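Read through the structure below, which is laid out as structure tokens, and then see the notes.
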Number of protein chains: 2
Amino acid sequence: MKKDPDRAKLAFERPLVSVDVAIFSVLEGELRVLLARRPEGEGEPHPGRWSLPGGFVDVHRDASLQACALRKLKEKTGVASPYLEQLGSWGDAKRDPRGWSSTHAYFALIPAPAPAEAGTAVAEWVQADEAVRRRLAFDHGEILAAAVERLRGKVEYTSLPAFLLPEPFTLPELQHAYEIVLARPLDKSAFRKRMLDAGFLEDAGPVSGASGRTAMGYRVRERARPAVFPRTFRSGE
Amino acid sequence: MKKDPDRAKLAFERPLVSVDVAIFSVLEGELRVLLARRPEGEGEPHPGRWSLPGGFVDVHRDASLQACALRKLKEKTGVASPYLEQLGSWGDAKRDPRGWSSTHAYFALIPAPAPAEAGTAVAEWVQADEAVRRRLAFDHGEILAAAVERLRGKVEYTSLPAFLLPEPFTLPELQHAYEIVLARPLDKSAFRKRMLDAGFLEDAGPVSGASGRTAMGYRVRERARPAVFPRTFRSGE
DNA sequence: GCAATAGTGTCTATCAGACAATATTGA
DNA sequence: TCAATATTGTCTGATAGACACTATTGC
């Protein structure tokens, strides 16, 4: 057994391998996620249903799982440098009618795309909770629910919403992004103390708004990792 | 098989798919991880090197990724109901010389196994940091480092060490487990307040130790999910 | 009694949140 | 000047950690 050549040992059935990405952004004061419509072709599972953007790993084009996720994201949104984090993997014999399949799920945060891209026949930005309630293809409903839960959970103690905004942004804008994701208001003073003490922002010069006092603009220091706060918001309640 | 279009569409090369598990326990006052020796057969990559326990998904035996991870764990340790959590996935064209491969990594926490199982020719319980320093097969060094980092990180604000102990356990025993993983002493009073206030423990009757006062024994209420504390240990320092 | 361990009480520095006050801009 | 927004200051309740104290067990 052990001395069989490579080819004999590897001659077993392999699962299908795909990558799916939950892409979030803030549009029109809402947390939204990008959904893609499944193709209608013959033999396609769940034709016409909404799903997360994604697809099979192409072993000749994709150098790695992350590269594959970035490729999907670039194809769908044009964004090349999002905040991208692994969410988890889902794999079993039944989730895809075409055979044993496993998918590597990612979630990405990007600044608001241009309004023109907000909705087409094959892709649509949908409010996050509404998207979870839709009957998505495969087990994408479960995956998306996990993504939303992870995002909301981490927003309680990390700087993730900074990746949802175009830079430079002001502290009131950042607070607004937090409030949209968490769906509750935050105290201005406590919020500012927390953000500035965490030290993950760098000055980017003053920014004038439509009216009122000019605010300081900020950029995130390190785009790869979010800051982690030692406590969650509203720990006492 | 299905119709022609299916077969044509799915006739592309598929990656190899495996599952690897970082299995942790506390033995002799140390945080240890189980390593397995790679087989020596011809065509085997990294023959004789230490690695994480794991292997290819068997699409006929494994109903899901999690079932596959549980199977590996049962084979290596006999443990059927560990704390098991997805760690992440690693996949690229180069990590396995046999071809484009992706692995789904899990980490498991189990109570100390019987001493007889502590080390054999093909498996060994190695102190966690020492294991990270060893030159493991494939990219298992990177995966194990991520597992240790995740474990240490989560121990700061979750009840994970409770899964490293046989039940029932006492609060001093639990504190000791925390101190072993974190490699620093914790204050007894603050520790007890935190554990009991979190409400994840249930009484299991008194337990007499080797000497001194009898202590209260505890079990975890819910074995599937750890408790999450609102703050990390030593937030101020 | 003593040693050893389990468990509790008290004090204090810290700090997140509440909310009031002040600063800056454009009209 | 006012309206609108940004930014800062002050107070206070909650609490984690430090550390001393008390409780229980076996010998």
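Owing to the predicted nature of the structure, the values given are computational and were not obtained by experimental measurement. Naming: A, B, ... by sequence-line order, numbering from 1 per chain.
- Remark: P of D:dC19 and CG of B:Asp187 are 9 Å apart, rounded to the nearest angstrom.
- Evaluation of the side chain to side chain contact (heavy atoms under 4.5 Å, CB included) rule for A:Asp92 yields A:Lys94, A:Arg95, B:Ser64 as partners, not counting sequence neighbours.
- Within the 4.5 Å cutoff, side-chain heavy atoms of A:Leu34 are placed close to those of A:Trp125.
- For A:Phe229 and C:dG17, the CZ to C1' distance is 16 Å, given to the nearest whole Å.
- When the C1' atom of C:dG9 is taken as reference, atom NZ of B:Lys193 falls 9 Å away, rounded to whole Å.
- Taking a 6.0 Å sphere around CZ of B:Arg225, one finds it holds 12 or fewer heavy atoms contributed by other residues, nucleotides or ligands.
- Among the protein residues, A:Ala215 comes within range of the sugar-phosphate backbone only, with heavy atoms under 4.0 Å from sugar or phosphate atoms but none that close to a base.
- Atom CZ of B:Arg194 is separated from atom P of D:dA18 by 12 Å (rounded to the nearest Å).
- Contacts of B:Thr214 classified as side chain to side chain contact (heavy atoms under 4.5 Å, CB included), with partners at least two apart in sequence or in another chain: B:Pro206, B:Ser208.
- Sorted by first and then second residue, the salt bridge (Lys or Arg N to Asp or Glu O under 4.0 Å) pairs with a member in residues 160-169 of chain B read B:Glu167-B:Arg223; sequence neighbours excluded.
- The side chain to side chain contact (heavy atoms under 4.5 Å, CB included) check on A:Arg71 picks up A:Asp58, A:Arg61, A:Asp62, A:Cys68, A:Glu75, with sequence neighbours excluded.
- Atom OH of A:Tyr157 and atom P of C:dA16 are 17 Å apart (whole Å).
- Residue side chain A:Ser189 reaches the base of D:dG9 through a donor-acceptor N/O pair under 3.5 Å, judged by distance alone.
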Considering only nitrogen or oxygen atoms on both sides, find all protein atoms under 3.5 Å from nucleotides 21-23 of chain C and state each distance.
| unit_1 | atom_1 | unit_2 | atom_2 | d |
| --- | --- | --- | --- | --- |
| C:dA23 | N3 | A:Arg213 | NH1 | 3.0 |

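- Residue A:Glu130 is tested with A:Arg133, A:Arg134, A:Gln127 for a side chain to side chain donor-acceptor pair (under 3.5 Å); the sole match is A:Arg134.
- Put simply, CD on B:Gln175 is 11 Å from P on C:dG7, counting in whole angstrom units.
- In this structure, A:Asp187 does not pair ionically with A:Lys193, as no charged nitrogen and carboxylate oxygen lie closer than 4.0 Å.
- Not a single side chain to side chain donor-acceptor pair (under 3.5 Å) links A:Arg192 to another residue, sequence neighbours left out.
- Axis angle, first five pairs versus last five pairs of the helix from C:dG1-D:dC27 to C:dA27-D:dT1: 10°, rounded to 10°.
- Of the residues in residues 176-185 of chain B, not one comes within less than 4.0 Å of DNA chain C through any heavy atom.
- A donor-acceptor pair is defined here as one N or O able to donate and one able to accept, closer than 3.5 Å; such a pair exists between the side chain of A:Glu179 and the backbone of A:Leu186.
- Applying the side chain to side chain donor-acceptor pair (under 3.5 Å) test to A:Ser159 and every residue at least two apart in sequence or in another chain returns nothing.
- Put simply, CG on A:Asp197 is 7 Å from P on C:dA16, counting in whole angstrom units.
- Closest approach to the B:Arg231 side chain among D:dT15, C:dA6, C:dT10 is made by D:dT15 (side chain taken as heavy atoms from C-beta onward).
- Remark: nothing in residues 158-170 of chain A comes within less than 4.0 Å of DNA chain C through any heavy atom.
- When each of A:Thr214 and B:Ala210 is assigned the nucleotide of DNA chain D with its nearest heavy atom, A:Thr214 is the one assigned upstream, toward the 5' end.
- For residues 140-150 of chain B, the salt bridge (Lys or Arg N to Asp or Glu O under 4.0 Å) pairs, not counting sequence neighbours, are B:Glu85-B:Arg150.
- In the set D:dG17, C:dG7, C:dT5, the nucleotide with an atom closest to the side chain of B:Phe233 is D:dG17.
- More than 12 heavy atoms of other shown residues, nucleotides or ligands fall within 6.0 angstrom of atom CZ in B:Arg184.
- With sequence neighbours excluded, the residues that form a side chain to side chain donor-acceptor pair (under 3.5 Å) with B:Ser18 are B:Thr103.
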